[in-house]
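Here is the structure we will look at, set down as structure tokens.
Small disclaimer: the values here were computed from a predicted structure and weren't measured.
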Amino acid sequence: MATAASSLTFSTSLPKLCRPFSISITHLPQVSLNFKKLNCSISSALKISRRTATTTTTTKASSMASSGITTVDQKNKKVVEVFDTEEELAVSLAKYTADLSDKFAKERGSFTVVVSGGSLIKSLRKLVEAPYVDSIDWSKWHVFWVDERVVPKDHPDSNYKLAFDGFLSKVPIPPGNVYAINDALSAEGAADDYETCLKHLVHTGVINKSSVSGFPKFDLMLVGMGPDGHVASLFPGHPLLKENQKWVTHITDSPKPPPGRITFTFPVINSSSYIALVVCGAGKASVVQTALGKSQNSDVFPVQMVSPEGELKWFLDRDAASKL
């Protein structure tokens, strides 16, 4: 089995972009969770189908198979999957990602993947196990961050460190295909530098450009959601929610520490071919209910603004879906 080096050294092929560095980080311990039995229902506005190993049949929302349920909103290109356990969610997410990797590697010769921080990296753990770790063509992957904290790459708050510990150090993605921010710059400087890097990669054809929006069109975004409904570093009520010109912008007053961050804007997020929105935990159930179900809450959360050109697929565990 091929393994990645314990440190990453970035390519110097782009002047001032993705500057070279090398760090070694001790891996974080694995965490296992216990979940209670799921009992939830899904809004009748969506088509609901029960999934088993051999067949697909229509069922009522209140009847939940242990393997989860799938709902499809064909008009809005939205798929919602609810899993009985977080383990089942991780298994399905790995297959979803691997299938798209194979699709784009064959169609384009590359696969552009955007990741976030939080619990998302833990949910990708099945990709570093058989059969995927040996079957995926990792040489085609190009990895980006939808947002990043402007801290050193070995800092506990770094999304890069989180991804390196849990994922990047365990798969043979070429180091030059991993695009981290320049953490030696200010938040504003790092955002501008990252946008310049993306523009170069669009110009050279590594990243597609949307014919609809003119913004970069990533193949797959793997993102999570905060308990307040934020995605990337786009927080409820913040002026950055309305940014529609920049590809990458910065924030210095994040309501969640650390305050200095860079983030993709919604036009970039929504130009994606595929978005996998991974949400786990009962603490996020109310926001999920507002976004997907029937709720009296009149607030519009940032997660409700996620609407890609291609497919949006929600991956929910039973606790996150408990109020649907």
Side-chain angles (χ1 to χ4, degrees), residues 11 13-14 17-18 72-80 93 96-116 120 136-148 173-174 176-179 181 191-225 231-234 240-250 262-278 291 300 302-315:
S11 169
S13 59
L14 304 180
L17 305 178
C18 309
V72 181
D73 184 342
Q74 295 177 337
K75 179 180 178 181
N76 297 314
K77 300 179 182 178
K78 182 189 297 182
V79 179
V80 180
L93 182 63
Y96 182 77
T97 304
D99 287 347
L100 289 176
S101 174
D102 184 63
K103 165 185 164 66
F104 285 104
K106 290 177 178 176
E107 292 178 358
R108 300 184 54 238
S110 64
F111 182 43
T112 54
V113 184
V114 180
V115 298
S116 62
L120 184 278
I136 289 175
D137 187 351
W138 298 105
S139 68
K140 300 296 194 293
W141 279 51
H142 293 260
V143 179
F144 305 84
W145 277 262
V146 70
D147 71 325
E148 177 60 288
I173 298 172
N177 289 3
V178 177
Y179 305 90
I181 70 166
D192 290 344
D193 183 72
Y194 209 55
E195 180 168 325
T196 301
C197 179
L198 298 186
K199 287 181 175 179
H200 176 86
L201 294 170
V202 168
H203 179 72
T204 57
V206 173
I207 303 172
N208 271 343
K209 186 176 182 179
S210 169
S211 60
V212 176
S213 68
F215 286 88
K217 187 180 183 71
F218 290 94
D219 299 330
L220 173 63
M221 285 201 182
L222 296 156
V223 296
M225 182 195 80
V231 292
S233 284
L234 299 167
L240 287 185
L241 296 177
K242 299 179 181 179
E243 174 59 56
N244 60 10
Q245 298 297 318
K246 293 183 178 181
W247 294 11
V248 184
T249 189
H250 72 287
I262 68 101
T263 182
F264 284 4
T265 59
F266 269 121
V268 173
I269 293 171
N270 287 336
S271 293
S272 302
S273 294
Y274 293 85
I275 294 180
L277 188 54
V278 182
V300 176
V303 71
Q304 293 173 269
M305 299 172 65
V306 177
S307 181
E309 291 180 15
E311 179 185 271
L312 169 61
K313 187 168 186 177
W314 289 69
F315 289 79

**Study point:** Trace of the side chain to side chain contact (heavy atoms under 4.5 Å, CB included) decision for Val278 with Leu93
**Key:** CA-CA 9 Å; Val278 182; Leu93 182 63; 3.9 Å; yes

Closest heavy-atom pair, Asn244 versus Pro267, reported as atoms and distance to 0.1 Å, is CA-CG, 3.7 Å

Requested in this report: Would you please classify the geometry between the Phe264 ring and the Phe218 ring as parallel, tilted or perpendicular, with 30° and 60° separating the classes?
Outcome: parallel

Sorted by chain and number, sequence neighbours left out, side chain to side chain donor-acceptor pair (under 3.5 Å) with Asp102 holds for Lys106

Nearest heavy-atom approach of Gly214 to Lys209 is O-CE, 3.1 Å

Test side chain to side chain contact (heavy atoms under 4.5 Å, CB included) on Thr263 and Val248; report intermediate values, then the result.
CA-CA 6 Å; Thr263 182; Val248 184; over 6 Å; no

Heavy atoms of Lys217 and Ser273 approach each other most closely as CE-OG, 3.3 Å

The side chain to side chain donor-acceptor pair (under 3.5 Å) partners of Lys199 (sequence neighbours excluded) come to Glu195

Taking the side chain as every heavy atom from C-beta outward, state whether Phe266 and Val306 have any atom pair closer than 4.5 Å. yes

Looking at side-chain heavy atoms only, is the closest gap between Trp314 and Val303 below 4.5 Å? yes

Pair Thr112-Asp219, side-chain hydrogen bond (donor to acceptor under 3.5 Å, both in side chains): steps then yes or no
CA-CA 5 Å; Thr112 54; Asp219 299 330; 3.2 Å; yes

For Gly109 and Lys140, the nearest pair of non-hydrogen atoms, with its separation, is O-CD, 2.9 Å

**Leu312 side chain reached by Val79 side chain, heavy atoms, under 4.5 Å** = no

**Report entry** Flag side-chain contact, heavy atom, 4.5 Å: Val202 against Trp247
**Finding:** yes

Inset, instruction - Look at the rings of Phe104 and Phe111 and say which category their plane angle falls in: under 30° parallel, 30 to 60° tilted, over 60° perpendicular. - result: parallel

d(Asn208 CG, Ser110 OG) to nearest 0.5 Å is 7.5 Å

ask   = Taking it one step at a time, do Ser213 and Ser271 satisfy side-chain hydrogen bond (donor to acceptor under 3.5 Å, both in side chains)?
value = CA-CA 7 Å; Ser213 68; Ser271 293; 2.6 Å; yes

Across all chains, not counting sequence neighbours, the salt bridge (charged side-chain N to carboxylate O under 4.0 Å, His left out) partners of Lys313 are Glu81

query = Is there a donor-acceptor contact under 3.5 Å linking the side chains of Asp147 and Ser233?
reply = yes

- Message: Measuring only between side-chain heavy atoms, which start at C-beta, is Ile269 closer than 4.5 Å to Ile275?
- Response: yes

Smallest heavy-atom separation, Gly205 atom then Arg108 atom, equals O-NH2, 3.5 Å

Rounded to the nearest 0.5 angstrom, the CG-OG1 distance for Leu201 and Thr196 is 11.0 Å

task: Look at the rings of Phe144 and Tyr194 and say which category their plane angle falls in: under 30° parallel, 30 to 60° tilted, over 60° perpendicular.
output: perpendicular

When you compare the side chain of Leu220 with that of Val114, does any pair of heavy atoms fall below 4.5 Å?
no

> Side-chain donor-acceptor pair under 3.5 Å between Trp141 and Ser101, yes or no?
Replying inline: yes

Next on the checklist: So does Tyr274 get a backbone contact from the side chain of Ser272, meaning a donor-acceptor N/O pair under 3.5 Å?
Outcome noted: no

Does any part of the side chain of Thr265, heavy atoms only, come nearer than 4.5 Å to the side chain of Leu240, both counted from C-beta? no

- Using a 4.5 Å cut-off on heavy atoms from C-beta on, say whether the side chain of Tyr179 contacts that of His142. yes

